[in-house]
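Contents: one structure, followed by commentary.
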Amino acid sequence: MNTILESIKNRRSVRKYKSDMVEQEKIDQIIEAGLYAASGMNHQETKIIAVTNKELRNKLSTAKAQFDGLYDGADPFYGAPVVLVVIANKDYADYVYDGSLVMGNLMLAAHALGVGSCWICRTKETFEKPEYQELLKSLNITGNWEGIGYCILGYAADNSIPNIPRKPNRVYHVN
Ligand SMILES: Cc1cc2nc3c(=O)[nH]c(=O)nc-3n(C[C@H](O)[C@H](O)[C@H](O)COP(=O)(O)O)c2cc1C
């Protein structure tokens, strides 16, 4: 099967990871795929913050757990060692679509390279907090940015994730 079609059909959200770090070369390739996502009027007003720092990774995970009301010590990043934070510039009308397409590209590229991934939410709420606005500033990111999603990355601890059937009656043909 064509490799892009294969990736689209067989990518699954991975929710159990080995602690092994993903090779930098693969992280870079995945990020590059995100940067090549189409964007409304080609504004390219999205950014990706690649987090391999364990302390920050754990803080983001804890923030997500708190927003979701999970038990103390829960890791909603499922042990994944890498978090790609996708943010988009709210000054542009298509920012949510643009950021979401970046997320899609990241997940497909990860699958194509044998790396597991999952979209994790609460990026918006977390990056609204002053502490994380400060983090953006420390990276020289100024302006009106919204968190779109976390793309967690790592090697799957369990490769037997079942395929998820597609719901019927979602396509209409007008010939
Ligand atoms: C906008 C969005 C938010 C998501 N947030 C989470 C999340 O916080 N935690 C999680 O485990 N999965 C999350 N997912 C993954 C979905 O649950 C998953 O894509 C869906 O169950 C279908 O499974 P598949 O990705 O294997 O096809 C999210 C997906 C999307 C698109």
Side-chain angles (χ1 to χ4, degrees), residues 1-19 22 26-27 30-31 33-40 45-51 56-90 92-129 132 145-171:
M1 197 194 289
N2 171 288
T3 48
I4 292 181
L5 297 181
E6 189 282 330
S7 284
I8 289 171
K9 274 195 87 170
N10 294 327
R11 177 210 56 80
R12 290 278 69 78
S13 293
V14 172
R15 296 196 174 86
K16 196 173 180 189
Y17 292 86
K18 297 178 186 166
S19 58
V22 180
K26 287 192 181 176
I27 297 175
I30 293 165
I31 290 171
L35 298 179
Y36 270 86
S39 62
E45 282 291 325
T46 50
K47 293 184 189 287
I48 300 166
I49 304 166
V51 180
L56 179 56
R57 177 249 179 252
N58 289 345
K59 273 180 70 174
L60 295 172
S61 173
T62 303
K64 150 87 173 159
Q66 284 169 352
F67 277 118
D68 285 355
L70 303 181
Y71 64 89
D72 254 8
D75 177 19
F77 289 174
Y78 308 112
V82 183
V83 184
L84 303 181
V85 186
V86 174
I87 59 173
N89 191 330
K90 289 197 276 186
Y92 294 81
D94 293 325
Y95 76 98
V96 176
Y97 309 117
D98 292 349
S100 300
L101 198 57
V102 171
M103 288 291 293
N105 274 21
L106 295 175
M107 293 188 290
L108 290 177
H111 177 78
L113 294 173
V115 176
S117 72
C118 188
W119 180 322
I120 303 292
C121 63
R122 298 299 195 182
T123 320
K124 176 180 186 292
E125 293 87 337
T126 300
F127 277 79
E128 279 167 355
K129 289 170 109 177
Y132 292 94
W145 296 85
E146 182 168 299
I148 301 297
Y150 299 119
C151 178
I152 56 169
L153 299 175
Y155 288 104
D158 175 7
N159 278 312
S160 61
I161 304 168
N163 221 334
I164 299 177
R166 298 296 108 179
K167 285 186 183 173
N169 305 323
R170 292 170 58 204
V171 181

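Whatever order the structure lists ligands and atoms in, that order sets their numbers, starting from 1.
In terms of heavy-atom proximity, V86 sits nearest to T123 at O-CG2, 4.3 Å. For Y155 against V22, the heavy-atom pair with the smallest separation is CE1-CA, 4.0 Å.
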Side chain to side chain contact (heavy atoms under 4.5 Å, CB included) between M107 and C151: does it pass, once the steps are laid out? CA-CA 7 Å; M107 293 188 290; C151 178; 4.0 Å; yes
Applying side chain to side chain contact (heavy atoms under 4.5 Å, CB included), run through S100 and W119 and close with a yes or a no. CA-CA 10 Å; S100 300; W119 180 322; 3.8 Å; yes
Test side chain to side chain contact (heavy atoms under 4.5 Å, CB included) on L60 and I120 and set out the steps. CA-CA 11 Å; L60 295 172; I120 303 292; over 6 Å; no
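Checked by atom type, the side-chain pair D75/S61 shows a donor-acceptor distance below 3.5 Å.
Nearest protein neighbour of atom 23 (O) of ligand 1, counting heavy atoms only, is I164 CD1, 3.2 Å. The single protein non-hydrogen atom nearest to atom 11 (O) of ligand 1 is Y78 OH, 2.5 Å, given as residue, atom name and distance. If you check which protein heavy atom lies closest to atom 9 (N) of ligand 1, you get I120 CD1, 3.5 Å. R15 NH2, 3.5 Å is the protein heavy atom nearest to atom 15 (C) of ligand 1. The closest protein non-hydrogen atom to atom 27 (O) of ligand 1 is R12 NH2, 2.8 Å. Distance from atom 14 (N) of ligand 1 to its nearest protein heavy atom, with residue and atom name: W119 O, 3.1 Å. Among protein heavy atoms, atom 18 (C) of ligand 1 sits closest to S13 OG, 3.4 Å.
Here the two rings, on Y78 and Y17, have centers that are 6.0 Å apart or farther.
Ligand 1 has R11 within reach: a non-hydrogen atom of the residue lies less than 4.0 Å from it. Not a single heavy atom of R122 sits closer than 4.0 Å to an atom of ligand 1.
Counting atoms of ligand 1 from 1 in the listed order, those under 4.0 Å from a heavy atom of C118 are 10 (C), 11 (O), 12 (N). The ligand atoms of ligand 1 that sit less than 4.0 angstrom from a heavy atom of K64 are 7 (C), 8 (O).
Taking the six-membered ring where tryptophan is involved, the planes of F77 and Y150 are perpendicular, since the angle between them exceeds 60° and thus also 30°.
Considering backbone and side-chain atoms together, C121 places an N or O closer than 3.5 Å to an N or O of ligand 1.
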